Amino acid sequence: MDLKGCIFDLDGVIVDTAKYHFMAWRRLAKELSFEFTLEDNEALKGVSRMASLEILLGIGGVTVSPREKEELAARKNRWYIEFISGMTPDEILPGSMKLLSALRKEGIRTAIGSASKNAGTILDRIHLRNMFDVVIDGNRIHKAKPDPEVFLKASEEMSLSPSCCIVFEDAQAGIEAAIAGGMKSVGVGKPGLLGRADLVIPDLRKITINQLRNL
Ligand code: B16
Ligand code: MG
């Protein structure tokens, strides 16, 4: 392919914030008097905050009013912000920096395409904002993944055609969004869940630009 841009999901690809989301959701479940397991947490990856809350409430068999839902989501987010405010550049996942530097050296543009409304805070905490030409986060989109909006906005702001872009994603919904947007995709994680990606890798450590160009 004629590779001109790479779009990275944030949580689960560049940093492991899934653990902080889990800690905050588990605390909320505890307050609502039910257990929320690490296994349950898998279903929340890449899913928006309100959709995550719906899944959580479903697991606990809890019914609340729309107003209470807003309050519960806000409560979870306050804890989550507390957790991520202590993040440091040490938490950048292995291989990310090397790949981002190599891409930029080659003149390939880089973007973040994240469902998170907290993406800006995370990028600031890990000092990585300047490695991305474009940042599209949960505050700038109306439709959640698997809708391709977040990635299409990223390619548009990079002034690139979707067919020249590769999306890096750890969530199934994100791979579906890349496909729907007409982009190549690299799944970061386990092949079982990310089978529809053009390539699946365990992390960003060994991937080369040549491999990406061959997709
Ligand atoms: P927030 P990504 C996603 O980020 C997370 O994977 C998902 O677990 C989270 O619920 C969602 O962001 C919304 O996050 O509550 O911070 O707005 O993987 O798309 O970078
Ligand atoms: Mg993710």
Side-chain angles (χ1 to χ4, degrees), residues 6-29 36 38-59 69-85 87 91-93 96 110-126 128-129 131-132 134-154 167-178 180-181 183 185-190 193-194 197 200-204:
C6 286
I7 307 171
F8 295 86
D9 171 57
L10 182 62
D11 294 337
V13 172
I14 301 291
V15 279
D16 179 20
T17 37
K19 61 174 180 252
Y20 299 124
H21 280 296
F22 174 61
M23 283 158 66
W25 285 126
R26 191 181 48 183
R27 188 160 164 187
L28 188 67
F36 179 68
L38 209 50
E39 207 177 15
D40 294 330
N41 194 54
E42 281 300 308
L44 272 47
K45 287 187 179 171
V47 176
S48 73
R49 194 180 307 161
M50 286 316 278
S52 297
L53 177 66
E54 295 287 353
I55 296 172
L56 183 102
L57 294 175
I59 290 168
K69 276 184 195 166
E70 292 294 337
E71 194 281 317
L72 291 175
R75 204 189 305 171
K76 179 266 172 180
N77 195 50
R78 280 196 296 275
W79 293 326
Y80 179 66
I81 287 175
E82 236 176 81
F83 297 142
I84 61 172
S85 64
M87 284 180 83
E91 291 180 64
I92 298 172
L93 288 172
S96 311
T110 54
I112 284 288
S114 169
S116 175
K117 292 185 172 168
N118 295 300
T121 308
I122 296 167
L123 287 174
D124 286 342
R125 291 298 317 166
I126 61 173
L128 217 58
R129 203 183 263 265
M131 292 304 276
F132 298 98
V134 164
V135 176
I136 309 292
D137 64 16
N139 300 297
R140 302 195 51 203
I141 52 168
H142 300 103
K143 290 174 250 162
K145 302 166 189 176
D147 189 282
E149 184 186 13
V150 63
F151 298 141
L152 288 175
K153 260 209 170 113
V167 167
F168 291 76
E169 254 294 347
D170 71 316
Q172 210 174 354
I175 299 294
E176 294 303 328
M183 298 170 187
S185 60
V186 174
V188 184
K190 297 201 178 93
L193 286 173
L194 306 169
V200 181
I201 53 177
D203 54 52
L204 299 180

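When reading the values below, keep in mind they use all heavy atoms of this one structure, side chains included, and skip hydrogens, waters and symmetry mates. Start at 1 and go down the list; that is how both ligands and their atoms are numbered. Predicted model only: the values in this text are computed from it and were never measured.
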To which protein heavy atom is [atom] closest, and what is the distance rounded to 0.1 Å?
atom	value
atom 4 (O) of ligand 1	Asp11 OD2, 2.9 Å
atom 17 (O) of ligand 1	Lys117 N, 2.7 Å
atom 7 (C) of ligand 1	Val47 O, 3.4 Å

- prompt: Any side-chain donor-acceptor pair under 3.5 Å between His21 and Lys45?
  reply: no

Indicate yes or no: does an N/O atom of [X] lie under 3.5 Å from an N/O atom of ligand 1?
X	answer
Asn77	no
Lys145	yes
Ser114	yes
Arg49	yes

One finds that the ligand 1 atoms under 4.0 Å from a non-hydrogen atom of Leu10 are 20 (O)

Per-atom filter on ligand 1: closer than 4.0 angstrom to a heavy atom of Gly46 are 5 (C), 6 (O), 7 (C), 8 (O)

Would a line drawn from the ring center of Tyr80 to the ring center of Tyr20 be shorter than 6.0 Å? no

**Report entry** Heavy-atom gap Gly12 to ligand 1 smaller than 4.0 Å
**Finding:** no

query: Measuring from the heavy atoms of Ala171, does anything fall under 4.0 Å of ligand 1?
result: no

Among Ala18, Ala144, Ser116, Gly138, the residue with a heavy atom nearest to atom 14 (O) of ligand 1 is Ser116

Protein N/O/S atoms closer than 2.8 Å to the Mg ion (ligand 2) number 3

